[in-house]
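Here's the structure we're looking at; comments come further down.
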Protein chains: 2
Amino acid sequence: MTSNFISIGELSRLTGLTAHTLRFYESAGVLKPVGRASNGHRRYHSNDVLWLEFVLKLKLTGMPLAEIRRYAQLREQGEMTLDSRLAMLTRHRERLVAKMTALAACADTLDEKIRIYRSMIAKLKAPTKR
Amino acid sequence: MTSNFISIGELSRLTGLTAHTLRFYESAGVLKPVGRASNGHRRYHSNDVLWLEFVLKLKLTGMPLAEIRRYAQLREQGEMTLDSRLAMLTRHRERLVAKMTALAACADTLDEKIRIYRSMIAKLKAPTKR
DNA sequence: GCTTGACTTAGAGTGCGCTCGAAGTTCTAG
DNA sequence: CTAGAACTTCGAGCGCACTCTAAGTCAAGC
């Protein structure tokens, strides 16, 4: 049977992050200091993987590492911080929605520009009457 | 009658960018060297403003300045670069759509997490039966 | 026993996009 | 005539998120 624990290299392959980045996240307080094997090597458990996956979603949606660290710290303090964490998530969600709205508006501008370009190109390439 | 030209300070107020940033964009090749008043001060025309607004949309949607500069350079070479510019815009649009899709998925995860948090909090706060 | 490779630490370096400071010039209002 | 605001250039500095280097340890396979 395979172990429940994975090495930093395996987690790296799993997430696409380098081992360097994973250690960096730990030193930045985004990942909590993780269990070690007898030789001192990091051993990640499935909980760690799930947390990291959520972290990557926060990051992808534009939350800075410093804020993710604050969230992580609240998380370690147990369920008495549920309120604060909910507030952070709600606030982040609002920012995300605003950003998505802005992006959609930009996409529209882009589409219109593309349409105009296509018609300009079509005109330039039209067979000259003669 | 007011002039058709605006100063860097006015453009700064108009766009929310600092004058420093506007000069930086010029030195980075994102804005082309602009007309000057007799005293050497920059004078921006409405065309420049429109271009800058488009640049800000490209930037907001994640296009790096280096790529915006390439687009700007093509633009200065006239209509013979329409094809390349269209290709850049189309490619960027695809990346944008991919990003928006990813963000929407993250928003769903976030929503679910928020829902779970709310129900956990509700349970904790429920009157204890006794 | 020796090589290979995955891991460890601490700390320096990189790339991007600004952001600021210094020192000087010029316009405007009082 | 003078004060203050707005502008000029050049170049250094900053914040973020990595990214890499160096030097070392340890375990497995030949």
Side-chain angles (χ1 to χ4, degrees), chain A residues 2-3 5-45 48-49 52-72 92 95 99 106, chain B residues 2-3 5-45 48-49 52-72 92 95 99 106:
Chain A
T2 66
S3 161
F5 299 92
I6 63 173
S7 70
I8 198 169
E10 283 161 326
L11 184 57
S12 166
R13 264 160 252 136
L14 217 58
T15 58
L17 302 173
T18 67
H20 277 306
T21 301
L22 290 170
R23 288 188 208 102
F24 167 74
Y25 280 178
E26 187 175 321
S27 79
V30 164
L31 305 179
K32 66 165 185 288
V34 78
R36 299 296 179 115
S38 55
N39 57 8
H41 291 191
R42 285 169 180 81
R43 287 293 168 254
Y44 294 92
H45 203 246
D48 302 316
V49 179
L52 180 54
E53 278 165 1
F54 183 60
V55 163
L56 291 180
K57 279 180 182 149
L58 291 180
K59 210 176 69 66
L60 181 64
T61 51
M63 188 183 284
L65 288 189
E67 197 171 334
I68 298 178
R69 182 183 59 230
R70 253 183 289 135
Y71 185 89
H92 184 58
R95 285 188 313 207
K99 187 175 178 172
C106 286
Chain B
T2 68
S3 162
F5 299 94
I6 64 174
S7 70
I8 198 168
E10 284 160 326
L11 185 56
S12 166
R13 264 160 252 137
L14 215 58
T15 58
L17 303 173
T18 68
H20 277 305
T21 301
L22 290 170
R23 287 187 210 103
F24 166 74
Y25 280 178
E26 186 175 321
S27 79
V30 163
L31 305 179
K32 65 164 188 285
V34 77
R36 301 296 180 115
S38 55
N39 58 7
H41 292 191
R42 285 169 179 79
R43 287 291 169 255
Y44 295 92
H45 203 246
D48 301 317
V49 179
L52 179 55
E53 278 165 1
F54 183 60
V55 162
L56 292 179
K57 280 183 181 146
L58 292 179
K59 208 175 71 66
L60 181 64
T61 51
M63 187 182 286
L65 289 188
E67 197 171 333
I68 298 178
R69 183 183 57 229
R70 252 182 291 133
Y71 185 89
H92 184 59
R95 286 188 312 208
K99 186 175 180 174
C106 288

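Chain naming here is simple, since letters A, B, ... match the order of the sequence lines and numbering starts at 1 in each.
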Could you state the [atom1]-[atom2] distance from [X] to [N], rounded to the nearest angstrom?
X	N	atom1	atom2	value
L11(B)	dA6(D)	CG	P	15 Å
R43(B)	dT8(D)	CZ	C1'	12 Å
L56(B)	dG17(C)	CG	C1'	13 Å
L22(A)	dT19(D)	CG	P	12 Å
L58(B)	dC16(C)	CG	P	17 Å
F24(A)	dG13(C)	CZ	C1'	14 Å
L17(B)	dC18(C)	CG	P	8 Å
I8(A)	dA6(C)	CD1	P	13 Å

Mind listing the closest non-hydrogen atom pair of [X] and [Y] along with its distance?
X	Y	value
K59(B)	L65(B)	CD-CD2, 3.9 Å
K99(B)	G62(B)	NZ-CA, 4.4 Å
T15(A)	L52(A)	CG2-CD2, 3.6 Å
V34(A)	Y44(A)	CG2-CD2, 3.6 Å

Item to check | Spatial distance of atom CZ (R69(A)) from atom CE (M63(A)) [nearest 0.5 Å] | outcome: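 Here the rounded value is 12.5 Å.
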Checklist entry - Just wondering, do L11(A) and L17(A) contact through their side chains at under 4.5 Å, heavy atoms? => result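 Side chain of L17(A) against side chain of L11(A), heavy atoms only: no contact under 4.5 Å found.
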Checklist entry - Can you find a pair of side-chain heavy atoms, one from K32(A) and one from D48(A), that are under 4.5 Å apart? => result yes
Next on the checklist: On DNA chain D, does the nearest nucleotide to T21(A) precede the nearest nucleotide to R36(B) from the 5' side, or the other way round? Give the residue.
Outcome noted: R36(B)
Checklist outcome for this item: Whether each nucleotide of nucleotides 21-30 of chain C has a protein heavy atom under 4.0 Å at its base (B), only at its sugar-phosphate (S) or at neither (-) is summarised, 5' to 3', as B----SS---
Checklist entry - Does the side chain of K59(A) get closer than 4.0 angstrom to OP1 or OP2 of dC18(D) through an N or O atom? => result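 Yes, K59(A) has a side-chain N/O under 4.0 Å of OP1/OP2 on dC18(D).
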Item to check | Residue-phosphate contact under 4.0 Å: R42(B) side-chain N/O, dC7(D) OP1/OP2 | outcome: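 Checking dC7(D) against R42(B), no side-chain N or O comes under 4.0 Å of OP1 or OP2.
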Checklist entry - NA contact type, S7(A), heavy-atom cut-off 4.0 Å: base, sugar-phosphate, or nothing? => result sugar-phosphate
Checklist entry - Heavy atom of residues 61-71 of chain B under 4.0 Å from DNA chain C: which residues? => result P64(B), L65(B)
Checklist entry - Residues in side-chain hydrogen bond (donor to acceptor under 3.5 Å, both in side chains) with Y71(A), at least two apart? => result Y117(B)
Checklist entry - What residues form a side-chain hydrogen bond (donor to acceptor under 3.5 Å, both in side chains) with R95(B), not counting sequence neighbours? => result E67(B), H92(B)
Checklist entry - Looking at the side chain of Y25(B), which of dC18(C), dT8(D), dC18(D) is the nearest nucleotide? => result dC18(C)
Checklist entry - Is there a residue in residues 26-34 of chain B whose heavy atoms reach under 4.0 Å of DNA chain D, and which residues are they? => result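 Going residue by residue through residues 26-34 of chain B, none turns out to have a heavy atom under 4.0 Å of DNA chain D.
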For residues 18-29 of chain A, which side-chain donor-acceptor pairs fall under 3.5 Å, sequence neighbours excluded?
unit_1	atom_1	unit_2	atom_2	d
T18(A)	OG1	H20(A)	N	3.4
T18(A)	OG1	T21(A)	N	3.0
T18(A)	OG1	T21(A)	OG1	2.9
E26(A)	OE1	R42(A)	NE	2.8
S27(A)	OG	F24(A)	O	2.9

Item to check | Donor-acceptor under 3.5 Å (T61(A) side chain, K57(A) main chain) | outcome: yes
Item to check | Residues S7(A), R43(A); criterion side chain to side chain contact (heavy atoms under 4.5 Å, CB included); working and verdict | outcome: CA-CA 5 Å; S7(A) 70; R43(A) 287 293 168 254; 3.3 Å; yes
